[in-house]
Amino acid sequence: MLLLNLESSIKLKVKFSGLIPELARLVTQGDRDKDSEGRIKGWLRTIISNRPSDIQILTVKENKFITVQNPNQKDIIAILDLICNEKNGILYFRDYPIKVGNMIIFTTDIYSISGIIIGLEN
């Protein structure tokens, strides 16, 4: 049986949740992910949103418990362009299958973040 290993380009919409502000400030449009040999394997094409995290915290206000958005964490939604390996009809990035709901790790020279794929298109 012949196993094909081809490269394909794909555009993904990814949500990076619960990032600390120091890390969220580093994430910028045009960032690049490279493999161990220095070849570019991904680009952060567009940042759609960078806002306080949906993760809520419990606090007390006027002697009542309330939940509020966590002001110390950020959620980023971004469009990534990736060069993926195609093996038997399935696309992989860093050996993880590309499917909505799966995790993806985007790594640059100065940071590494993981997110959830929320949309894809070829």
Closest contact, heavy atoms only, [X] versus [Y]:
X: E86; Y: S8; value: OE1-OG, 3.0 Å
X: Q29; Y: I47; value: OE1-N, 3.6 Å
X: A24; Y: N50; value: O-ND2, 3.9 Å

Once rounded to the nearest 0.5 Å, what's the spacing between atom [atom1] of [X] and atom [atom2] of [Y]?
X: L80; Y: T46; atom1: CG; atom2: OG1; value: 9.5 Å
X: R25; Y: L19; atom1: CZ; atom2: CG; value: 12.0 Å
X: I83; Y: R39; atom1: CD1; atom2: CZ; value: 11.0 Å
X: I20; Y: I113; atom1: CD1; atom2: CD1; value: 11.5 Å
X: L12; Y: I117; atom1: CG; atom2: CD1; value: 5.0 Å
X: L44; Y: L82; atom1: CG; atom2: CG; value: 9.5 Å

Can you confirm whether [X] sits close enough to [Y] that some side-chain heavy atom of one is under 4.5 Å from a side-chain heavy atom of the other?
X: I104; Y: F93; result: yes
X: S17; Y: I116; result: no
X: V27; Y: F106; result: no
X: S112; Y: I105; result: yes

*Just by distance, do the side chain of D81 and the backbone of R45 share a donor-acceptor pair under 3.5 Å?*
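No; judged by distance alone, with no hydrogens or angles, the pair does not exist.
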
*Is there a donor-acceptor pair closer than 3.5 Å between any side-chain N or O of T108 and the backbone N or O of I110?*
yes

*asked:* Between E62 and K64, does any side-chain N to carboxylate O distance fall below 4.0 Å?
replied: no

*Under 6.0 Å from the OH atom of Y111, do we count more than 12 heavy atoms belonging to anything else shown?*
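Correct, the count exceeds 12.
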
*Could you tell me whether K13 atom NZ has more than 12 heavy atoms of other residues or ligands within 6.0 Å of it?*
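Atom NZ in K13 is not crowded, with 12 or fewer foreign heavy atoms closer than 6.0 Å.
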
With a 4.5 Å cut-off on side-chain heavy-atom distances among I, L, V, M, F, W and Y, is there a chain of contacts connecting [X] to [Y]?
X: I79; Y: V14; value: no
X: I98; Y: I77; value: no
X: W43; Y: F16; value: no

*Honestly, is K87 close enough over Y92, meaning NZ or CZ under 6.0 Å from the six-membered ring centre and within 45° of the axis?*
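Yes, K87 lies over the aromatic ring of Y92.
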
*Using distance alone, with no hydrogens and no angle criterion, decide if D33 and T107 have a side-chain donor and acceptor under 3.5 Å apart.*
no

_side-chain contact (heavy atoms from CB on, under 4.5 Å) between K34 and D109, worked out_ = CA-CA 8 Å; K34 298 177 184 174; D109 293 336; 4.2 Å; yes

